Amino acid sequence: MKKIVIVSSTFRKNGNSELLAKQFEKGAQESGNSVQTIFLRDVKPKFCTGCLSCLNTGKCVLKDGVNALLPAVREADVLVFATPVYYYSMSGQLKTFLDRLNPLYGGENKFREVYLLASSAENDRSAMEGTVRGVQGWIDCFSDVRLAGAVYGIGAEEAGSIRETPAFGEAYQMGKSVR
């Protein structure tokens, strides 16, 4: 059994990327994994100020709930980031959260696998390249961590329309494959 933390970055409840996250969660739980989902709309992380105090203290000076999430992220075997694609990149909410995970840099983290679940109104897979590069850039800052998989939820313009795309089943199968 693996400990999985899913970070849903959409502010739209039951939005397309969140539906992908729920499918991944369903598959992962059916495979016997433990899953915790973090909804950034509930946390509303503030922007990193770049003070780097976190590198000395292991926590952020900002008081918004992110510090309370650090142990769960640090102890997860698998991290899953779910995001809508805005202007060919990840949501600002996800980017802000990744920046705020700076206290984990250089520390003892369990996670070794990261998955990306992205949804886009655009029909072309190339619309996801900026999102994948952004997440890969974050991953590259950690030793022995890899992008284990990505779901490209393209062609999902209306809320809920991701259900009609291949990505919906792919997210479930990807979650089910985590062992």
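Only this structure's heavy atoms are used, side chains among them; waters, hydrogens and symmetry mates stay out. Treat the numbers as computed from the prediction; the structure is a model and nothing was measured.
For CD of Glu157, the number of neighbouring non-hydrogen atoms (other residues, nucleotides, ligands) closer than 6.0 Å is 12 at most. The 12-atom threshold is exceeded at NZ of Lys176, counting heavy atoms of other residues, nucleotides or ligands nearer than 6.0 Å.
No donor-acceptor contact under 3.5 angstrom links the side chains of Asn33 and Ser31, judged on distance only. Inspection of the Ser17 and Thr83 side chains reveals no N or O donor paired with an N or O acceptor under 3.5 Å.
Closest of all the heavy-atom pairs between Ala28 and Ile4 is CB-CD1, 3.6 Å. Arg12 and Glu158 get closest at one heavy-atom pair: NH1-C, 4.4 Å. Contact between Pro103 and Gly58 at its shortest, heavy atoms only, is CB-O, 3.5 Å. Taking all atoms of both residues into account, the shortest heavy-atom contact from Ser120 to Met128 is CB-CE, 3.5 Å. In plain terms, the two heavy atoms of Gly153 and Ala156 that are nearest each other are O-CB, 4.3 Å. Residues Gln93 and Ser9 approach most closely at NE2-O, 3.0 Å, considering heavy atoms.
The closest side-chain heavy-atom distance from Leu101 to Leu69 is not below 4.5 Å. You'll find the side chain of Val61 reaches within 4.5 Å of the side chain of Cys51, heavy atoms only. Between Arg41 and Glu18, the closest side-chain pair of non-hydrogen atoms falls below 4.5 Å. Inter-residue side-chain proximity for Thr165 and Ile154 is flagged as unmet; no heavy-atom pair is nearer than 4.5 Å. Residues Val114 and Leu116 form no side-chain contact, since every pair of their non-hydrogen atoms from C-beta on lies 4.5 Å or further apart. The shortest side-chain heavy-atom distance between Leu98 and Met90 falls under the 4.5 Å cut-off. Between Thr37 and Lys22, every side-chain heavy-atom pair lies at or beyond the 4.5 Å cut-off.
Atom-to-atom distance recorded for Arg163:CZ and Leu20:CG is 10.5 Å, nearest 0.5 angstrom. From Ser119, atom OG reaches atom CG of Leu19 across 8.5 Å, with rounding to the nearest 0.5 Å. Here the CG atom belonging to Leu147 is positioned 9.5 Å from the CG atom belonging to Asp140, to the nearest 0.5 angstrom. One distance of note links CD of Gln23 with CE of Met174; it measures 12.5 Å at 0.5 Å rounding. If you take SG on Cys141 and CD1 on Ile139, they are separated by 10.0 Å, rounding to the nearest 0.5 Å. One distance of note links CG of Leu117 with CD1 of Ile6; it measures 7.0 Å at 0.5 Å rounding.
Under the 4.5 Å side-chain contact rule for hydrophobic residues, Ile162 and Val85 do not share a cluster. Cluster annotation: Val35 and Val43 are assigned to distinct hydrophobic clusters (Ile/Leu/Val/Met/Phe/Trp/Tyr, side-chain heavy-atom contacts under 4.5 Å, transitive). With hydrophobic clusters built from ILVMFWY side chains whose heavy atoms lie under 4.5 angstrom apart, Leu94 shares a cluster with Val73. At a threshold of 4.5 Å between side-chain heavy atoms, the hydrophobic network of Ile, Leu, Val, Met, Phe, Trp and Tyr places Val80 and Val7 in two separate groups. Val178 and Ile38 end up in different hydrophobic clusters when Ile, Leu, Val, Met, Phe, Trp and Tyr side chains are linked at under 4.5 Å.
For residues 84-112, every residue pair satisfying the salt bridge (Lys or Arg N to Asp or Glu O under 4.0 Å) rule, not counting sequence neighbours, is listed here: Asp64-Arg100, Asp77-Lys110, Lys95-Asp99. Identified under the ring pair (Phe, Tyr, Trp, His ring centres under 6.0 Å) test for residues 11-66, with sequence neighbours left out: Phe24-Tyr115. Within the structure, ring pair (Phe, Tyr, Trp, His ring centres under 6.0 Å) pairs that include any residue of residues 129-162 comprise Phe81-Trp138, Phe111-Trp138, Phe111-Phe142, Trp138-Phe142 (at least two apart or interchain).
Of the possible donor and acceptor atoms, none in the side chain of Asn16 sits under 3.5 Å from a partner among the backbone N and O of Pro84. In this structure, Glu170 contributes its side chain and Val151 its backbone to no donor-acceptor pair below 3.5 Å. In terms of modelled atom types and a separation under 3.5 Å, the side chain of Asn109 and the main chain of Leu104 share a donor-acceptor contact.
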